[in-house]
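Every chain is numbered from 1, with letters handed out A, B, ... down the list of sequences.
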Amino acid sequence: MSPSRADLQRTASEVFGWEDFRPGQLEAMEAAVNGQDVICVMPTGAGKSAVYQVPAMTLPGTAVVISPLIALQRDQTEAINEAAGATRAYVLNSAQPQGYWDEAWAAAGKDDGPGKAKFLFLGPEQAAREEVLELLQALDVSLLVIDEAHCVSAWGHDFRPDYLQLDQLVRALDKPVVALTATAAPPVRAEIAEQLGMRSPREISLGFDRPNLHLAAARYEDAEDKRRAVLEQAGKLDVPGLVYVATRAETEEYAAALQESGLRADAYHAGRSHEDRHRIHEEFLQDEVDIVVATTAFGMGIDKPNVRFVVHADIPDSVDSYYQEIGRGGRDGEPTEIFLHYRPEDLGIRRFFAAKAPDEEALAKLFKAVKKHTEPVPQAGLREELDLNPRRFSSLLGLLEQSGSVTAADDGYSARSGVGAKTAVKAALEFSEQRRNIEESRLEMMRQYAETTECRRRFLLNYFGEDAPDMCGYCDNCERAEAEGEELGPKESDTAQPFPLQSEVIHSEWGLGTVMSYEDETVTVLFESAGYKTLSVELVLEKGLLQEP
DNA sequence: CGGGTCGCACATAAGTGCGACCCGGTGCATTATT
């Protein structure tokens, strides 16, 4: 008999002291305790962890939580153990001594009761180890939780390829999967579900609008003009605030310049010592540092209510990233300035980061090695045979698998019969190129946000698949239009919108897509295999470029 | 893709202009040294 709504509420109150839920939270919890897979998109992070913590404490067994950062795992563990008044959660990683691992497994193996481990936190790298997988399979697992699930799509493909192996864990445990993230546009959600092998997941989204964020942007021709504007703005706005830049060097430069004008600023990036990073984070939380100038390294796990501005000195790689970064502002609901400083040239570094093409030779070598085996070969065995560094190895193997030349089963990898090395390499390269095209189209959407003359909030909401009024009245474009007595949005007089928002359409070359937005007599469609494309509405109608499926 | 730095040619004093070259983000785990 599954726990009821009342059981969940009782646990929430007794263990965590939470008396109220937001509507979506309870809905997500109920789905999970009833055995359904859930993708939960909750923008601000407020109450996101409750969605798995309450069901896990209510259900018998132990929840396995996959989370990208050890620091994040520690925070969650401490919060749980403190609320429960006992050690109910363990963080497992390579830095923990064997004795701690043993203790965690022993506690997880106990019958339900005060000494029982109710949560095990692991990174995807640990979950991918065969011995860990076996131990997990032997446990009575209640839920499999994938926290910050957008990392599957954003990092899995080459940065942390073990994310792409989580589908094996999903299959091996065969328990409800709860995927949590703060942002995910529809295609990112679809990719999460697909990569994790989720079974018709229930999608729960709490809505993306953050009405207290004031949105604005400015475009520059000259790099020095932009730099001056960023410094001047950061010096004038109410603190605390965040300045996001593209490179480590820039964090140092901007932070130094701000310090020189007497501001309490510091630079944050992954090249700084763990000690410095920790200190800056703490000082920022305590309002001892007012402005953190950071790369994308400063982000997940930062939960500070009173951030008064989020200024981007460089454009991010996608609207998904942008939304996540600006979402760290104004969590207290007070007015917060969100500003994007943009130069078209800044798109270059994002292209560079996304541009890595796989090594053909290594692909061929790896495929031949798999093919040589007549029986499925486990990853560890392959790795030993080949002289490839482990990270490259995983990402290349993933590419071969995703492009269909290699199949994965519980006992290892096999080459698809009848496929030659040449074909396999070609398929992998094409797959990888398609991915890069989609990445490019996501960057292109970010450029459109930077350059739009229409309501920015509507642009963001449409991007995440939500409808929105033509004008929000709280962004630079709406304010300009109001001052000039204009109306934004598609005009009545225009040929308007031949296909409704969020409806499906077909294009002869790009295949199936979803209508995302209309703007300036263009329509933006998200194609499953080609990414975002923006077309002239006039041409679409004239040439019949889009059809109902 | 774009920006910064370095060295060279130019040419006759100290600098300019140009091309070649290198570099750039996120974290896990692991390994070799202090």
So [X], base contact, sugar-phosphate only, or nothing? Heavy-atom distance under 4.0 Å.
| X | answer |
| --- | --- |
| A:Pro68 | sugar-phosphate |
| A:Ala246 | sugar-phosphate |
| A:Arg129 | nothing |
| A:Arg350 | nothing |
| A:Leu347 | nothing |
| A:Asn93 | sugar-phosphate |

Out of [options], whichever nucleotide has its closest atom nearest the side chain of [X]:
| X | options | result |
| --- | --- | --- |
| A:Ile349 | B:dG24, B:dT26, B:dG27 | B:dG24 |
| A:Arg277 | B:dG27, B:dG25, B:dA29 | B:dG27 |
| A:Arg343 | B:dG25, B:dA29, B:dG3 | B:dG3 |
| A:Leu69 | B:dC28, B:dT26, B:dG24 | B:dC28 |
| A:Gln126 | B:dA29, B:dT26, B:dC28 | B:dA29 |

Taking [atom1] from [X] and [atom2] from [N], how many angstroms apart are they, rounded to a whole number?
| X | N | atom1 | atom2 | result |
| --- | --- | --- | --- | --- |
| A:Lys356 | B:dC23 | NZ | C1' | 12 Å |
| A:Asp317 | B:dG25 | CG | P | 14 Å |
| A:Glu224 | B:dG3 | CD | P | 13 Å |
| A:Lys226 | B:dG2 | NZ | P | 13 Å |
| A:Gln96 | B:dA29 | CD | P | 10 Å |
| A:Leu164 | B:dC28 | CG | C1' | 15 Å |
| A:Tyr244 | B:dG24 | OH | P | 21 Å |
| A:Ile66 | B:dC28 | CD1 | C1' | 13 Å |

Taking atom [atom1] in both [N] and [M], what distance in whole Å separates the two?
| N | M | atom1 | result |
| --- | --- | --- | --- |
| B:dA11 | B:dG19 | P | 16 Å |
| B:dG27 | B:dC6 | C1' | 34 Å |
| B:dA29 | B:dG25 | P | 23 Å |
| B:dC8 | B:dA14 | C1' | 16 Å |
| B:dA20 | B:dT26 | C1' | 30 Å |
| B:dT34 | B:dT30 | P | 22 Å |

Applying a 3.5 Å limit to both distances, which nucleotide forms a Watson-Crick or G-U wobble pair with [N]?
| N | result |
| --- | --- |
| B:dC1 | B:dG24 |
| B:dT12 | none |
| B:dG7 | B:dC18 |
| B:dT31 | none |

Is [X] reaching over with its side chain to a backbone N or O of [Y], donor-acceptor style, under 3.5 angstrom?
| X | Y | answer |
| --- | --- | --- |
| A:Asn81 | A:Ala89 | yes |
| A:Gln259 | A:Ala265 | yes |
| A:Ser405 | A:Glu401 | no |

### Option among A:Tyr322, A:Tyr342, A:Tyr323, A:Tyr254 that satisfies the ring-ring contact (aromatic ring centres under 6.0 Å, His included) test with A:His312
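Testing each of A:Tyr322, A:Tyr342, A:Tyr323, A:Tyr254 against A:His312, the sole residue satisfying ring-ring contact (aromatic ring centres under 6.0 Å, His included) is A:Tyr322.
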Hey, is [X] stacking on [N]? Ring centres under 5.5 Å, planes under 30°.
| X | N | answer |
| --- | --- | --- |
| A:Phe353 | B:dG24 | no |
| A:Phe159 | B:dT26 | yes |
| A:Phe352 | B:dG24 | yes |

### Query
A:Ser94 side chain N/O closer than 4.0 Å to the phosphate oxygens (OP1, OP2) of B:dA29?
yes
### Task
Rounded to the nearest 0.5 Å, what's the gap from CG on A:Asn462 to CG on A:Leu526? Could you check?
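One gets 12.5 Å once the value is rounded to the nearest 0.5 Å.
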### Task
State whether A:Phe119 and A:Arg88 meet the cation-pi test: NZ (Lys) or CZ (Arg) under 6.0 Å from the six-membered ring centroid, and within 45° of the perpendicular axis.
no
### Message
To check you understand the geometry: which heavy-atom pair defines the closest contact between A:Lys175 and A:Asp37, and what is its length?
### Response
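The answer is O-OD1, 4.2 Å.
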